K.L.:
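If you scroll down you'll find the structure; I have some questions about it.
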Amino acid sequence: MRGEINRHKMQFLGANMAKAARIVVVTSGKGGVGKTTTSASFATGLALSGHKTVVIDFDIGLRNLDLIMGCERRVVYDFVNVINGEATLHQALIKDKNCDNLYVLAASQTKDKEALTQDGVEKVLNELRKDFEFIVCDSPAGIEMGAFMALYFADEALVVTNPEVSSVRDSDRILGILASKAKRAVDGREKVKEHLIITRYNPERVENGDMLSLTDIQDILRIPVLGVVPESKDVLQASNTGSPVINLRGTNVSEAYFDIVARFLGEDRPLRYITAEKKGLLKRIFGGN
Amino acid sequence: MMSSNSIKLNSANFDYYILRVTPSTELEQIASKLATLREFDATGKYLVLECGAKPDMSQFTSYLRKIDDIAAKFALEVKFIAANQFISADQIDGRAVINLPATLQSKPILNQTLLIEEPVRSGIRIENDGDIIVTSLVSHNAEIIASGNIHVYGDCRGRVLAGNGGNKKAKIFVARFNAELISIAGIYRVIEDKLPDNLHNKAVQIFLDEKERLNIIPLAV
């Protein structure tokens, strides 16, 4: 009898937790800036910190997330199948091979973007809310239907930008859409919490004036910086091997993503990889990398 | 340039208001305009309808009745119709068509000042039939369009258009000026090259002089 009551209580607590699920959209406006790389590493980082996380690919027709997560061959049912009622959520969720707390919901390769309906997406998200603490939505590029659906239900947004003018402008545009068109804005609730992630940052090139600096970007966007990910060949290598780059332990990029996850979860960590390494005399003479 | 021009309300004297409509005026716009009027003034009773374009006379009576219904909600009555190049009949639907003396076309009744405290991002357009105050940043490619004055207390990098609808007295005040385009009453200037140092990213005011040229001068503090 006592056990019964306890279990009941636990279920009740569980229901409360489900309400606190946070939907985080990873978005940018511009393509190729690192949204999917960030989604994969951020979701993995959250899961490694002990939070049950699902990452959803909203790029219907051009799916990439499953490739980066290395679960391409295990995609049998996808997001659109669930929306259309052709599969259950349970059938479509793919458990990550390295991490117990992490699940992937892949996008369809064959359907087009119109397959995402607002009601359908809401239904799936509400179902996921019951089981997961974090729902990471990997947005497609652009500002059309897929991108809009990815951000519409968001509680928080990671805006990914490169240190380059057109990328920063597009991020500004996306911030405008978040502030005016997201469900929170439409309902008149507290606005979507915005975080800035700058990827492909190269402090040497910033010093030479080839790239926008962190201060330049902040001056335009005026939102808190969650992290700066340095430019690195490790990212491409990780993508090719089908593992989120955060798993390449010890590399700068992996460390930067761990910092991002820690800051997102409330830890106070100073920004790293934002100043150029001072080259010693020998290095300056002999070059090297 | 903009559509917010399609409806206008002027106070002619203490009892009469001139309601200027064009074919693109929506009935809801009339209702919101009259609601604004009532916030300013609770005493006036009559409206004079002025047409900004040639109306379709076969539909005009039914259109007039719809305006009557809206006006009645705000305790107003459409008493006269203003004679101009588009209206030449002596009376329409029992209402006299009168010539408005030029002196009666006095100050416009504008909406309340619109206060924006969030950054105005790229691609966002803010319009108000009245003044606009932005306390934060106006990004590149954002548009601020006001019938009255515009004040920007943050960085101003977008497009600012004051006096939309023809108010040549409207002014623009900016704390840190780096706008792409400025306009007052439709007279505009694209700012392509970097401005002189005393204006670039400085506090400035922008106004039309008597020859209708746009002036940008440092704001003396």
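Proteins come first, then strands; the chains are lettered A, B, ... in the order of their sequence lines, and each starts at number 1. In this text, all values refer to a predicted model and were calculated from it rather than measured experimentally.
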K.L.:
What pairs with A:Asp268 under side chain to side chain contact (heavy atoms under 4.5 Å, CB included), at least two apart in sequence or on another chain?
P.N.:
none

K.L.:
For A:Ala276, give me all partners under side chain to side chain contact (heavy atoms under 4.5 Å, CB included), at least two apart in sequence or on another chain.
P.N.:
A:Pro203, A:Glu204, A:Glu207

K.L.:
For chain B, which residues of residues 168-176 of chain A have at least one non-hydrogen atom nearer than 4.5 Å to it?
P.N.:
A:Arg169, A:Asp172, A:Arg173, A:Leu175, A:Gly176

K.L.:
For atom CD of A:Glu190, decide whether the heavy atoms of other residues, nucleotides or ligands shown that lie under 6.0 angstrom number more than 12.
P.N.:
no

K.L.:
Mind checking which of residues 215-227 of chain A sit less than 4.5 Å from chain B, heavy atom to heavy atom?
P.N.:
A:Asp219, A:Ile220, A:Leu221, A:Arg222, A:Ile223

K.L.:
Report, as yes or no, whether the 6.0 Å neighbourhood of atom NZ on A:Lys123 holds more than 12 heavy atoms from other residues, nucleotides or ligands.
P.N.:
no

